[in-house]
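Working notes, beginning with the structure itself.
As the structure lists them, so they are numbered: ligands from 1, and atoms in each ligand from 1.
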Amino acid sequence: MSNGAHALIQTLVDAGITTCFTNPGTSEMHFVAALDTVPEMRAVLALFEGVATGAADGYARMADKPAATLLHLGCGLGNGLANLHNARKGKVPMLNIVGDHATYHVQYDAQLQSDIETVARNVSPWVRTAKSTAALCQDAVEAIGACMGPPGQVATLILPADVSWGEGGVPMPPPKMTPPPAAQDATVAAVAQALQGEGKKAFLLGGRALRAPALMAVARVAAKTGAKLFAEVLPTRIERGAGLPSVERLAYLAELASVQLNGLDHLILVDTKAPVSFFAYPGKKSYLVPDGCQLHELASPRQDVLGSLEKLSKAVGAEQTAPVLQSPKRPGRPRGKFTADKVCKAIGQLMPEDTIIVDEAQTSGIMLPMYTAGAPRHDVLTLTGGAIGLGLPCAVGAAIACPQRKVIALEGDGSVMYTVQALWTMARERLDVISIVFNNRSYAILNVELQRVGAIGAGERAKAQLDLKNPPLDFVRMGESLGVSSKRASTTEEFLAAFEHALRTPGPHLIEAIVPPTMTGLKLRVLPHLLQSLANLPQPLARAIKRGIAP
Ligand SMILES: Cc1ncc(C[n+]2csc(CCOP(=O)(O)OP(=O)(O)O)c2C)c(N)n1
């Protein structure tokens, strides 16, 4: 006979959910106690719920299966919301177990009582409060089925304390998953016809379409038909580097994305939505599909992406076509004045095969895609929902999912402060993560956005809201206090020495790179964080934009 908590954990493990990122409280104590009865479940403590949810996101992106989180009532869940939002936008599977008061305690409206379902619903299409210990594991099986998708999503199972401690829990077998259907023949035929006809065509790839097998299939189609390959602005996980097809990421900046999409007659969506501007700007377009361009959806997020692309490949006769692949190419060793670009260059020069890059560098990572394009094969995980504070937690999850691989987390100094507690989890779990913090002492991107949105009259008080100089953040002391070996680099040579040491020495490292804001001196219309995608643009256009003379 099991209590609910034990039966629940056994059900999770039997379904392959073997990692749980926790930040528990009193209502979760039986779940915590039951961890010792199911040793296959690895529990990882996070010191803030945003770390737990971001880590579960990073884990699932790399492990291709969900992790669980253990969160404390509505307040704990609420603290994890921003990274649950990022997971939702990235179609990442995740199972939240949220402890609640015992069912009979709810009537008293005790201090931590709140409407947990309402907190969950914004990010979690599947929400249920378990009603009884006997039915708990059936609830869990349904939650697991819902979160796995496709599309992957967040599912939230609320676990009242008495359901958890009650006897009579019975572990249940995993849900039966039905494979998703591939695109229908008629859809494939229509897309094939568009690809074989006149006009300029491109694919916009998202989700699972940016993984190696799908990329190879779509690259064959592209080579056969002359279609261009674009990736969505903020991919959940993109596999890239030498030997893989190279895909141009759509720019964050709407004006720039419009340049990329300009003149298209057909845009074919695969596991993504039609492109729209990140924000609205006065007088600028929100919907970025060019006028007159015909939109096709080959495969929706609910469908079998690889199967659909293979059908298309057959339909256009591309099965034997050689795809165009990125050739190996590393930048030279950086020298001279220390800037964020030099850090990106050093990464391109030195990163080992199979590195996982988590990119939350904001303006400082602009040149990263260009310098790493021909590096050995690697994965890049990005800020899918635009809610900052994902980077370090995501790196925690990725490192736990892939212990043999080096993880490099690139962080803006502003972004890193949202979930800096993740460093402690890296230290405690001895994770092989190099966290690079670009300390430019500002919310640099927002200085540009302030003007870009047309906010007139911003003076010293306005600018002070975007300035991080006073008091200066000291990431070396912060990292050390959280148990992570930390170094500061103010010159290119210091950075190279610290980075090479970190690459050689397993375990977590932090490097604080003291750099000037990347966008200094550039014209206002050259929007910084959009320029992330610059690196993938044709060189003359990229150079022109950097000089501030392009659109
Ligand atoms: C949860 C959340 N809060 C606030 C923002 C708004 N925001 C976007 S970028 C940014 C500052 C980023 O600063 P930093 O990481 O230092 O990068 P930099 O702009 O200096 O390149 C802020 C506050 C956001 N996107 N998400």
Side-chain angles (χ1 to χ4, degrees), residues 48-51 53-54 57 78-90 122-123 233-234 251-253 277-281 339-344 358-369 382-395 409-423 435-453 455 458 462-475 478 510-522 524 526-535 546:
F48 175 66
E49 292 86 346
V51 175
T53 53
D57 179 348
N79 277 345
L81 216 59
N83 279 335
L84 291 171
H85 163 85
N86 286 321
R88 178 172 83 88
K89 290 293 184 179
N122 184 35
V123 289
V233 182
L234 293 168
Y252 168 91
L253 192 56
S277 170
F278 208 87
F279 292 106
Y281 297 91
T339 61
D341 288 0
K342 300 282 167 63
V343 173
C344 297
V358 180
D359 181 8
E360 197 176 37
Q362 313 296 356
T363 55
S364 295
I366 287 167
M367 299 310 284
L368 185 79
T382 78
L383 188 60
T384 44
I388 59 179
L390 175 70
L392 293 188
C394 193
L410 300 176
E411 288 292 321
D413 52 341
S415 302
V416 78
M417 286 305 296
Y418 287 65
T419 44
V420 73
Q421 303 91 327
L423 291 170
S435 301
I436 299 172
V437 180
F438 293 93
N439 192 349
N440 61 15
R441 307 209 159 106
S442 93
Y443 285 165
I445 180 65
L446 296 185
N447 272 305
V448 179
E449 292 283 33
L450 181 68
Q451 299 166 64
R452 184 156 187 258
V453 296
K463 297 222 174 84
Q465 304 313 303
L466 316 178
D467 180 274
L468 307 183
K469 282 194 206 73
N470 185 18
L473 292 158
D474 184 334
F475 290 100
M478 213 179 301
L510 180 146
I511 306 172
E512 178 182 19
I514 307 289
V515 291
T518 296
M519 301 310 292
T520 307
L522 292 186
L524 169 62
V526 185
L527 285 199
H529 59 171
L530 329 173
L531 291 187
Q532 240 178 16
S533 317
L534 243 189
K546 263 217 121 179

- Only one of Leu392, Leu423, Ile436, Val420 passes side-chain contact (heavy atoms from CB on, under 4.5 Å) with Leu510; say which it is. Leu423
- Tell me, do Gln465 and Leu450 make a side-chain contact under 4.5 Å, heavy atoms counted?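 A side-chain contact is absent here, since even the closest heavy-atom pair is not under 4.5 Å.
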- Item | Side chains of Thr339 and Thr518 in contact at under 4.5 Å (non-hydrogen atoms) | no
Numbering the atoms of ligand 1 from 1, which are under 4.0 Å from a heavy atom of [X]?
X: Gln362; answer: 15 (O), 17 (O), 18 (P), 21 (O)
X: Ala444; answer: 18 (P), 19 (O), 20 (O)
X: Gly414; answer: 13 (O), 14 (P), 15 (O), 16 (O)

Determine whether the side chain, the backbone, both or neither of [X] has a heavy atom under 4.0 Å from any heavy atom of ligand 1.
X: Ala82; result: neither
X: Val416; result: neither
X: Leu446; result: side chain

So is [X] in contact with ligand 1, going by heavy-atom distances below 4.0 Å?
X: Tyr418; answer: yes
X: Gly386; answer: yes
X: Ser442; answer: yes

Quick one: [atom1] on [X] to [atom2] on [Y], what's the gap to the nearest 0.5 Å?
X: Cys394; Y: Asn86; atom1: SG; atom2: CG; answer: 8.5 Å
X: Thr382; Y: Asp359; atom1: OG1; atom2: CG; answer: 7.5 Å
X: Asn79; Y: Phe48; atom1: CG; atom2: CZ; answer: 4.0 Å
X: Ser442; Y: Asn447; atom1: OG; atom2: CG; answer: 5.5 Å

- Leu390, Asn83, Asp413: member with heavy atom nearest to atom 16 (O) of ligand 1: Asp413
- Option with minimal heavy-atom separation from atom 2 (C) of ligand 1, where the choices are Thr518, Thr363, Val515, Ile388: Ile388
- Query: Any N or O of Leu468 that comes nearer than 3.5 Å to an N or O of ligand 1?
  - Reply: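 No, since none of the N or O atoms of Leu468 sits under 3.5 Å from an N or O of ligand 1.
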- Item | Tyr443, any N or O under 3.5 Å of ligand 1 N or O | no
- Message: Do Tyr418 and Glu411 pair up side chain to side chain, a donor and an acceptor below 3.5 Å, judged on atom types alone?
- Response: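 Their side chains do not contain a donor-acceptor pair, so the 3.5 Å distance test is not met.
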- Mind listing the closest non-hydrogen atom pair of Leu473 and Glu512 along with its distance?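 That closest heavy-atom pairing would be O-OE2, 3.6 Å.
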